[in-house]
Structures are given as structure tokens and as C-alpha cells.
Amino acid sequence: MELTKYEQDMYDGEYGEGKAECMEILVSLGKIYDAPKMIPITSAQVSGVSYKTIGDAGLDFVVDLGKKADVELECMLNPAGVDIENWEELGFSEEFTKKQVDIIKGYESIGVMSTCTCTPYLIGNTPMINEHVAWSESSAVCYVNSVIGARTNREGGPSALLGAIVGRTPYYGNHLLENRTADMIFNVDADINSDINIGALGYFVGQIVNDKKPYFRLNSNPGRNNLKLLGAALASSGAVSLYHVENITPEADYARVHESFDQLEEVTITQKDIDETISQLSTTDKLPDLVCLGCPHASITEIQEVAYLLKNRKLKRDLWICTSKAINSISKQCGYLDIIESAGGKIVSDTCMVVAPVEDLDYEVIGVNSAKAANYVPNMANMDVVYDSVENLIDMITE
């Protein structure tokens, strides 16, 4: 692998033991994928934050690395295992919360921003088109590649963190323009305007393409929130890191005029496919005793929608809307938080139903409007899920 003088000096230890170790690992990773060189990055997003998923070994890794090096660019964390400001009210244990706080403090000690979100592009970490970044959360990777047009591989949490410390990542995969073309075409003859339909589409297609790059022809234009749900579903049922939507996403034209495009396999998706997928994503007919929205983390417009649905109503079961601390603050300023709390709901910051230990609480069935959450919760929390629209879920749990 060809290294610049600065990169070679980091590798040789001229900038400290920590950066040398990071470069050694990243160069080894690059050699595995035949990367010819390293590429500078402008930001990072690090998964492996919840104590539920990384445990004491992950905590020790962060603390040990913090003794040797600091990050040198914009770097945010994935959702943590609890809302560390309201953990007691939500029912989480003090023991778990203390471990979670230690993990976040460990990241803070090396310069990582302590806000924990899977939607960093909603709160300021928004790369420009063609910028190279090192992001690791699957839905964030899918969004930043597809909707924004920046470039990242589907990094592991450690490799994204190492990239943030040295400001570099190996130049392979999605960082190369020639690797960002489409692999299959999906002609969608179905309604994709609702949250559950677009999520079901992503879940259905992800199972078909695995890690390939789908190209969609849709019969209507989805908004940013629906594109967020689409990518999250694609990345959870498959391993999609980049998709194209004709006339919508920034690199769709490049994919369409590429010489290989006319030879791609085409698949037609019908409303029947969508409806069957929706029914498969629910694991029970019981009513949810907890509805969790915000997977990926809710935008301010999604919170606004919930507030309008809850105005002058009362909840008879629990409602959590998961988002970042920043979006939570905006929702308070806009008055949405007051409406939601008056109805009996909660806006939960910097965590989500997938990485929180909800299985330790007194819930049996979780209602979600996210295909990603419907896919993960039964396995990660050993709980049943009801997959339905925001409107229907709210109706299920209000008086």
C-alpha cells in the first residue's frame, strides 16, 4: 500500500504509539481489500456504544485507547443503551447505567462527541456529496451513501474510531466511483408513501440483494424520512450500504448511464409483495404494551407528526419516541414535547429499543413502525413485535 510521508510517519510512531497502532490496523485492513492507498476523511460515526452490545471488553478497549490517542475530526457515537439523564424514570438499572456512562466518558476522553445517535446527518454531521467519511451504523451508512452522496464503507465500530484518530481510511469499496453502480433494478408497482410500506419494501429487497446495490424505479417520490426508513430496512434484512432511486438520489443518473446498466436483472415488486412482508414482520396479534418509534432516530418532523396525533388524547399504554438530545431539545422549543408528555408519552434521548435492555423491563410486546426494529427486536430482546403505521400504533394505545 502506498502511504504519504505523513501517513508513513504515523505508521512509524512519529506521532505517538496510539496513532501508530491505529495505522497498523487500518493498513492491514486495507491490504485485505487490496486498497492501493489511504484516503483522508472528514468525519466518523462510531457504533459499539451500548453496554448491552459491547460489554466490559468494549469498555476496556475504549479506556485503553483513550490513554494513547485522541480523535482529530468530527466524530459522533451510535445510540447508547439507556437515556443517561432519565434512566431511572424509564426503569433501567443503576448498574447498567453506570457502565454505560463509563463507556461514554471513555469516548469523550479522546474527543468523541458525547451525543449518541444513528442519524448524525440530522444534527450537524452532514457531509457534502463525494466527501469521504468513515461511518459504521448500518442505516447511517446507507443514508450517507445513498441520499447524501458522500462515500463510506460499512465500517465496524473500531475501524471507524481508528479512522477518526488518524483522519484516514483505506481506499476501497464504496470510496471508488466505479464501485457505486447498481447491481439490480427493482420496478415497484406498489404504494410506498406510508412508513410501513417503504420499510416493507426495503426489508423485502434486502433479503434478495444481500450486499448488492439496488436501483429503484418508484411510482411516487419518497421524502427524506421515508428514504431513511428504506435504507434502514435494506441494511438490516440485507447488508446494503448504497441504493439508488431514479430521479431522486444524487448518483442515480451515474448508475443509469453506466455501461452495465442495460444488462442488469430487473425485478417487479407488487402491492401483494409489500402486504405479505408487512404481515410477516409482526410476530403476534396482541396489542403492544409499549410503542417505540424512532428507529432510526426520529427527525423533528416525525416528532411533529406524533404530537399532532396525540393532541387532546391520552395514552393507556407506554410510548417512547427515540431521538438524539439535539432533536429532543428542538421538540421542546417547538412545544411538541409538552403535547407528547401531556398525553403520557416520552421522548427518549440517545438510545433506542434495539440496543437498550428493554427485555429487563415489564414489557412483552413492542409496537414499531420500523422494519429494522421489527427485524432485530425479537432476536435481540426476545420480545414480540407489532409492525404497523404510526397512526395505527397510536390508535392502539390511546383511550
Side-chain angles (χ1 to χ4, degrees), residues 118 137-143 145-147 154 181-249 252 255-256 261 264-285 292-296 302 353-354 366-380 384-393:
C118 50
E137 202 281 326
S138 61
S139 71
V141 166
C142 214
Y143 192 96
N145 273 317
S146 310
V147 182
R154 188 163 161 159
T181 57
D183 296 309
M184 291 182 70
I185 299 171
F186 291 87
N187 300 304
V188 182
D189 185 18
D191 172 27
I192 50 86
N193 288 316
S194 73
D195 47 2
I196 58 168
N197 282 10
I198 196 79
L201 172 63
Y203 187 86
F204 182 83
V205 171
Q207 293 177 303
I208 296 172
V209 299
N210 192 18
D211 62 348
K212 293 184 174 65
K213 300 172 179 63
Y215 182 100
F216 293 98
R217 292 190 178 114
L218 305 178
N219 54 17
S220 60
N221 294 339
R224 287 173 295 176
N225 290 326
N226 276 349
L227 291 174
K228 173 166 66 84
L229 291 170
L230 173 64
L234 286 165
S236 62
S237 66
V240 175
S241 60
L242 169 63
Y243 66 86
H244 304 284
V245 179
E246 191 164 272
N247 299 323
I248 297 292
T249 55
R256 184 170 51 80
F261 188 78
L264 295 181
E265 177 185 358
E266 295 195 31
V267 176
T268 297
I269 296 178
T270 66
Q271 189 64 47
K272 180 182 178 182
D273 297 320
I274 300 297
D275 293 341
E276 288 179 351
T277 302
I278 290 172
S279 66
Q280 292 166 7
L281 284 167
S282 289
T283 63
T284 182
D285 293 328
C292 276
L293 308 175
C295 179
E302 289 173 309
M353 73 295 287
V354 172
I366 296 182
V368 298
N369 72 324
S370 160
K372 174 183 178 178
N375 184 31
Y376 284 155
V377 166
N379 294 323
M380 294 188 68
D384 281 318
V385 293
V386 173
Y387 179 64
D388 212 325
S389 67
V390 171
E391 294 92 336
N392 288 343
L393 290 170

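Heavy atoms only: backbone and side chains are in, while hydrogens, waters and symmetry mates are out. Quick caveat, the model's predicted, so the values are computed rather than measured.
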Under 3.5 Å, which donor-acceptor pairs link side chains of residues 227-237 to any protein atom two or more places apart or in another chain?
from	atom 1	to	atom 2	distance (Å)
Lys228	NZ	Pro296	O	3.4
Lys228	NZ	His297	O	3.2
Lys228	NZ	Glu302	OE1	2.9
Lys228	NZ	Glu302	OE2	3.4
Ser236	OG	Ala232	O	3.2
Ser236	OG	Ala233	O	3.1
Ser237	OG	Tyr203	O	2.9
Ser237	OG	Ala233	O	3.2

| field | From Ile198 atom CD1 to Asn369 atom CG, the distance as rounded to the nearest 0.5 Å | value | 12.5 Å

| note | Between Cys142 and Val240, the two heavy atoms sitting closest are SG-O, 3.7 Å

| field | Heavy-atom side-chain contact between Met353 and Tyr376 under 4.5 Å | value | no

| task | Please check if the side chain of Asp189 supplies one atom and the backbone of Thr270 the other of a donor-acceptor pair under 3.5 Å. | result | no

| request: Taking all non-hydrogen atoms of both residues into account, name the closest pair between Ser139 and Lys372 and its distance. | output: OG-NZ, 4.1 Å

| message | I want to check something: taking the side chain as every heavy atom from C-beta on, are Thr181 and His244 in contact at a cut-off of under 4.5 Å? | response | no

| message | Restricting to salt bridge (charged side-chain N to carboxylate O under 4.0 Å, His left out), what partner residues turn up for Arg217, sequence neighbours left out? | response | Glu246, Glu266

| field | Side chain proximity check, Asp183 to Lys213, heavy atoms < 4.5 angstrom | value | yes

| request: Of all the heavy-atom pairs spanning Ile196 and Tyr387, show the shortest one and how long it is. | output: O-OH, 2.8 Å

| query | Would you say Ile248 and Asn221 make side-chain contact, with heavy atoms under 4.5 Å? | reply | yes

| field | Approximate separation, where rounding is to 0.5 Å, of Ile192 CD1 and Asn226 CG | value | 6.5 Å

| field | Which atom of Ala373 lies closest to which atom of Val368, heavy atoms considered | value | CB-CG1, 3.9 Å

| said: When you compare the side chain of Cys295 with that of Val354, does any pair of heavy atoms fall below 4.5 Å? | reply: yes

| query | Do the non-hydrogen side-chain atoms of Leu293 and Leu393 ever get within less than 4.5 Å of each other? | reply | yes

| Looking at CG of Asn197 and OG of Ser389, how far apart are the two atoms once the value is rounded to the nearest 0.5 Å? | 9.5 Å

| Heavy-atom side-chain contact between Val188 and Asn219 under 4.5 Å | no

| note | In this structure, OH of Tyr215 is separated from CG of Asn187 (nearest 0.5 Å) by 9.5 Å

| Ile274 side chain reached by Leu201 side chain, heavy atoms, under 4.5 Å | yes

| request: Classify the ring geometry between Tyr243 and Phe216 as parallel (under 30°), tilted (30 to 60°) or perpendicular (over 60°). | output: perpendicular

| said: Nearest 0.5 Å, please: how far is CG in Leu281 from OG1 in Thr283? | reply: 10.0 Å

| said: To the nearest 0.5 Å, what is the distance between CG on Asp275 and OG1 on Thr277? | reply: 8.5 Å

| remark: The complete set of salt bridge (Lys or Arg N to Asp or Glu O under 4.0 Å) pairs with one or both residues in residues 195-211, sequence neighbours excluded, reads none

| message | For the backbone of Glu276 and the side chain of Ser279, can you confirm whether one donor and one acceptor N or O come within less than 3.5 Å of each other? | response | yes

